[in-house]
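Reading through the structure tokens given below for one structure.
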Amino acid sequence: MSQNNTLKTVEWKDNSVVMIDQTKLPNILEYVTYTNFNQVADAIRTLVVRGAPAIGVSGAFGLALAVLQSNATEKDELIQFLENAKKILFETRPTAVNLAWGLDKIMQTAIQSNTVDEIRNNVVETAKKMADEDIQINMSMGKIGSDLFDDNDTIMTHCNAGALATVGYGTALGVIRATKDSGKKIKVIATETRPIQQGSRLTAFELKHDGIDVILIPDTAVGYTMANGLVNKIVVGADRILRTGHVYNKIGTYQIAIMAKQHDIPFYVAAPLSTFDMKSNPEDVIIEQRKASEVTGIGDKKTAPDGIDVINPAFDMTPPELVSGIITENGIVKPPFEKSIRQLFAAN
Ligand code: RUB
């Protein structure tokens with residue numbers, strides 16, 4: 001399938017940012033248009049746009065709007081305006097490292113430019129290039145990763161690491177798309193991904209949209225499907241991967257990896273190099289905690305008593321010993337990860 005057939009999550013059009021409003025899916029496919037970086041920050045915070053690479057590029061587009069919004073006539077003044085916008089965009093979500101990556105890349109471009117006009121032009125062009133590259137990276141990753149999957153495989157995935165988590169095509173779902181395009185017959189099992197159902201709302205929607213065979217299961221049926229031989233392989237995305245191979249991804253990923261180990265099912269992660277954090281240690285990573293109402297109800301319907309205490313972390317950490325391989329745009333790394341990830345970055 002060509003990239004044009006898949007959904008375009010976030011795009012730069014006529015000096016504005018156009019996004020699919022993912023909070024409305026799967027019922028309504030609606031696009032929203034923003035001309036102010038504060039609107040983009042709100043969109044990231046409220047999950048209008050979500051998924052690690054998509055929020056990285058959205059952050060970059062937020063700064064591109066900021067350069068156009070500012071009336072600054074001096075370089076220092078414009079950089080100051082951008083630093084403030086960067087702070088607001090950065091504070092929207094803490095776990096996916098791609099957001100910091102996208103913002104830092106744009107700030108570097110701005111600082112290296114000489115005049116105010118040059119900054120405006122270079123920042124917008126760099127952000128557009130990052131969006132285009134995101135799709136190319138996912139397509140390369142898909143092609144590389146497809147070698148790991150066989151004809152008639154049933155592949156489990158969690159959350160949404162698809163076109164909707166990126167600018168287009170997807171990471172984990174990009175690998176699935178490329179596997180199908182290579183002529184192999186595959187099926188996908190998507191977990192619904194409570195509490196806000198990125199699996200049922202987004203992954204199931206996206207795969208059906210593209211004509212890929214998909215079966216939806218409740219998160220609680222992961223063990224059942226594995227124990228009954230209904231799953232051959234697993235591929236998920238990531239919000240952050242440490243140099244040690246610790247993988248941070250949507251809450252529930254850890255228990256899937258544990259069960260995969262128990263049933264001897266390969267557990268793969270697909271993520272671009274922009275998802276790697278080569279500096280942090282596990283204790284440095286902030287796990288986003290989200291509001292209780294996501295757990296005490298489904299959509300607008302209340303499903304728990306008033307005043308109940310809730311723990312609602314958005315992500316968990318899967319330790320390297322549970323990961324069979326990490327698929328990137330520059331190749332697949334296998335354990336021991338500390339060594340293979342170091343080599344991957346040394347070669348790039
Ligand atoms: C998204 C999530 C996804 C990764 C996918 O969580 O956990 O699996 O972001 O990233 P949320 P990638 O919906 O809360 O943003 O596409 O890099 O694999």
Side-chain angles (χ1 to χ4, degrees), residues 6-7 9-10 19-23 25 43-59 92-102 130 133-135 137-142 145 156-177 190-203 205-206 219 234-241 247-257 267-277 285-291 294-295 312-318 323 325-329:
T6 63
L7 299 156
T9 304
V10 52
M19 290 177 183
I20 294 176
D21 182 350
Q22 299 193 36
T23 63
L25 289 173
I44 298 173
R45 199 178 298 112
T46 58
L47 309 184
V48 166
V49 65
R50 32 63 55 201
I55 62 176
V57 171
S58 298
T92 52
R93 296 198 74 192
T95 309
V97 78
N98 313 59
L99 182 57
W101 167 87
M130 284 162 78
E133 280 172 2
D134 179 78
I135 299 181
I137 285 169
N138 292 337
M139 293 185 83
S140 309
M141 199 187 312
M156 178 180 282
T157 190
H158 184 57
C159 191
N160 174 267
L164 289 165
T166 60
V167 177
Y169 203 70
T171 53
L173 298 193
V175 171
I176 286 171
R177 285 192 167 89
T191 55
E192 62 179 347
T193 321
R194 273 286 287 157
I196 59 159
Q197 280 139 317
Q198 291 95 328
S200 57
R201 290 190 306 108
L202 308 178
T203 295
F205 167 80
E206 181 178 327
D219 298 335
I234 295 152
V235 63
V236 298
D239 290 83
R240 191 185 291 234
I241 300 172
V247 173
Y248 293 79
N249 192 49
K250 177 55 51 190
I251 192 76
T253 303
Y254 173 47
Q255 59 205 33
I256 294 175
F267 177 91
Y268 296 112
V269 177
L273 297 188
S274 56
T275 299
F276 286 76
D277 173 354
V285 180
I286 299 172
I287 300 285
E288 177 182 358
Q289 304 292 323
R290 297 193 61 85
K291 54 185 187 216
E294 291 177 353
V295 182
N312 186 20
F315 301 97
D316 59 25
M317 186 269 280
T318 298
V323 180
I326 304 174
I327 305 158
T328 77
E329 67 271 36

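The analysis underlying the following values was restricted to heavy atoms, covering all of them including side chains, and did not include hydrogens, waters or symmetry mates. Counting starts at 1 for both ligands and their atoms, following the listed order.
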- Task: Apply the side chain to side chain contact (heavy atoms under 4.5 Å, CB included) test between His158 and each candidate in Val235, Asp219, Ile234; give the one that qualifies.
- Result: Asp219
Under 3.5 Å: N or O atoms of ligand 1 paired with protein N or O:
{"residue": "ligand 1", "atom": "7 (O)", "partner": "Asp239", "partner atom": "OD1", "Å": "2.8"}
{"residue": "ligand 1", "atom": "7 (O)", "partner": "Asn249", "partner atom": "OD1", "Å": "3.2"}
{"residue": "ligand 1", "atom": "7 (O)", "partner": "Lys250", "partner atom": "N", "Å": "3.2"}
{"residue": "ligand 1", "atom": "8 (O)", "partner": "Asn249", "partner atom": "OD1", "Å": "2.8"}
{"residue": "ligand 1", "atom": "9 (O)", "partner": "Ala52", "partner atom": "N", "Å": "2.9"}
{"residue": "ligand 1", "atom": "9 (O)", "partner": "Asp239", "partner atom": "OD1", "Å": "3.2"}
{"residue": "ligand 1", "atom": "9 (O)", "partner": "Asp239", "partner atom": "OD2", "Å": "2.9"}
{"residue": "ligand 1", "atom": "10 (O)", "partner": "Ala238", "partner atom": "O", "Å": "3.1"}
{"residue": "ligand 1", "atom": "13 (O)", "partner": "Arg50", "partner atom": "NE", "Å": "2.8"}
{"residue": "ligand 1", "atom": "13 (O)", "partner": "Arg50", "partner atom": "NH2", "Å": "3.2"}
{"residue": "ligand 1", "atom": "13 (O)", "partner": "Gln198", "partner atom": "NE2", "Å": "2.9"}
{"residue": "ligand 1", "atom": "14 (O)", "partner": "Arg93", "partner atom": "NH1", "Å": "3.4"}
{"residue": "ligand 1", "atom": "14 (O)", "partner": "Arg93", "partner atom": "NH2", "Å": "2.8"}
{"residue": "ligand 1", "atom": "14 (O)", "partner": "Lys250", "partner atom": "NZ", "Å": "2.7"}
{"residue": "ligand 1", "atom": "15 (O)", "partner": "Gly51", "partner atom": "N", "Å": "3.0"}
{"residue": "ligand 1", "atom": "15 (O)", "partner": "Arg93", "partner atom": "NH1", "Å": "2.7"}
{"residue": "ligand 1", "atom": "16 (O)", "partner": "Thr171", "partner atom": "OG1", "Å": "2.8"}
{"residue": "ligand 1", "atom": "17 (O)", "partner": "Ala238", "partner atom": "O", "Å": "3.2"}
{"residue": "ligand 1", "atom": "18 (O)", "partner": "Thr171", "partner atom": "OG1", "Å": "2.5"}
{"residue": "ligand 1", "atom": "18 (O)", "partner": "Ala238", "partner atom": "N", "Å": "3.1"}
{"residue": "ligand 1", "atom": "18 (O)", "partner": "Ala270", "partner atom": "O", "Å": "3.3"}

- Please report the closest heavy-atom contact between Asp239 and Ala52, naming both atoms and the distance. OD2-CB, 3.7 Å
- Item | Heavy atoms from other residues, nucleotides or ligands near CD1 of Ile287 exceed 12 (cutoff 6.0 Å) | yes
- Got a salt bridge between Arg201 and Glu206, using NZ or NE/NH1/NH2 to carboxylate O under 4.0 Å? no
- Message: Under the criterion side-chain hydrogen bond (donor to acceptor under 3.5 Å, both in side chains), I'd like the reasoning laid out for Gln22 against Arg50: C-alpha separation, chi angles, the key distance, then a yes or no.
- Response: CA-CA 8 Å; Gln22 299 193 36; Arg50 32 63 55 201; 3.3 Å; yes
- Task: Determine, stepwise, if the pair Leu25 / Leu164 fulfils side-chain contact (heavy atoms from CB on, under 4.5 Å).
- Result: CA-CA 10 Å; Leu25 289 173; Leu164 289 165; 3.9 Å; yes
